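Please read these numbers as outputs of a predicted model, since none were measured by experiment. Residue numbering restarts at 1 for every chain, and letters A, B, ... go by the order of the sequence lines.
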Amino acid sequence: MKINKTNLRILSLAIASTSLTWILNHQLGLGPIVANGLVGVAAAIFMPGALAGIAYTSSFVGMSSLTVLPSVLFALVGGLIAGFIIITTAEIYAGIGGKGGTTAAAAALVTRAISGLLG
Amino acid sequence: MNTLTIISTAIAAGVATYFIANNLKKGAVLASASVTLVSGIIFPYFFPAMGSTLMVVAACASYGGMVSRKNAPTLLDMVMISAIIGLLFTITATSYAGIGGRLGTIAAISCFAWLGLKNSAKAASRARKSDFLSKSVGIWQ
């Protein structure tokens with residue numbers, strides 16, 4: 001993976017989107033569905049197509065329960081991992097509904113493994 | 001009865017997302033996010049008993065509704081994908097609970113399942129036709 005401006009933007013966006021969804025979900029108590037919906041609508045309105053898709057995909061990670069993402073720090077890590085997966089799998093299975101969710105699930109599982117290791 | 005309600009909700013949400021994304025041309029993200037948001041607000045309010053389950057089903061189906069027109073050319077394809085989503089959701093209700101992206105994974109599996117079924121049916125149909133032709137040629141020889 002090349003570290004260029006585009007990839008750095010994707011990683012930043014993924015981290016921000018995951019963390020924001022986590023905060024709306026757990027700290028504001030809106031729940032995962034409303035949190036994801038809000039972030040998705042905002043991303044679709046304020047960002048161009050590809051970036052909105054990245055923000056929405058990353059938002060799925062932030063829907064995880066506190067068992068998986070116990071704090072906003074883990075949400076940041078989850079967003080970072082989601083960003084890496086998005087960058088490296090961009091062209092695979094494009095156009096399949098739920099591909100973003102599968103990406104997010106992979107990121108969430110890796111983050112859970114990390115949080116398990118750190119106790 | 002609950003399974004039927006879940007499958008019906010999935011079909012409604014999936015078709016709504018597909019329609020908003022492709023027919024109204026609002027894009028997949030806005031379509032799915034708006035269906036998800038509306039479901040999250042409406043279902044718990046109007047259906048206190050099953051509302052929390054139905055909003056999750058609707059969100060899951062909306063992720064499936066983000067499928068491209070290339071892979072799901074008609075609304076019927078979306079109906080079938082959504083029905084599979086509803087069924088899979090019921091079957092996998094307690095698996096990997098709490099993992100963000102689980103619903104999207106269910107949606108992706110449902111898309112692949114329907115595409116696989118369609119392609120298999122087409123291949124079987126072509127095989128039957130070619131078998132018919134080769135038998136027909138045999139008769140006239």
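Follow the hydrophobic side-chain contacts under 4.5 Å out from A/Ile54 and you never reach A/Phe46; the two are in separate clusters. Using a 4.5 Å cut-off between side-chain heavy atoms of Ile, Leu, Val, Met, Phe, Trp and Tyr, with links allowed through other members, B/Leu75 and B/Val35 fall into different hydrophobic clusters. A continuous path of Ile, Leu, Val, Met, Phe, Trp and Tyr side chains, each step under 4.5 Å between heavy atoms, connects A/Ile114 with A/Val68, placing both in one hydrophobic cluster. In the hydrophobic cluster analysis, where Ile, Leu, Val, Met, Phe, Trp and Tyr join through side-chain heavy atoms closer than 4.5 angstrom, B/Leu117 is grouped together with B/Val67. Taking hydrophobic clusters as Ile, Leu, Val, Met, Phe, Trp and Tyr residues chained together by side-chain heavy-atom distances below 4.5 Å, B/Val38 does not share a cluster with A/Val39.
Looking at B/Ser32, the atoms closer than 4.5 Å to chain A (heavy atoms on both sides) sit in the backbone and in the side chain alike.
Contact count against chain A (heavy-atom pairs under 4.5 Å) is highest for B/Leu37 among B/Leu37, B/Ile85, B/Ile106, B/Leu30.
In this structure, CZ in A/Phe60 is found 7.5 Å from OG1 in B/Thr36, a value given to the nearest 0.5 Å.
Contacts of residues 20-36 of chain A with chain B at a heavy-atom distance below 4.5 Å involve A/Ile33, A/Val34, A/Asn36, listed in sequence order.
Contact between B/Ala33 and A/Gly40 at its shortest, heavy atoms only, is CB-C, 3.4 Å.
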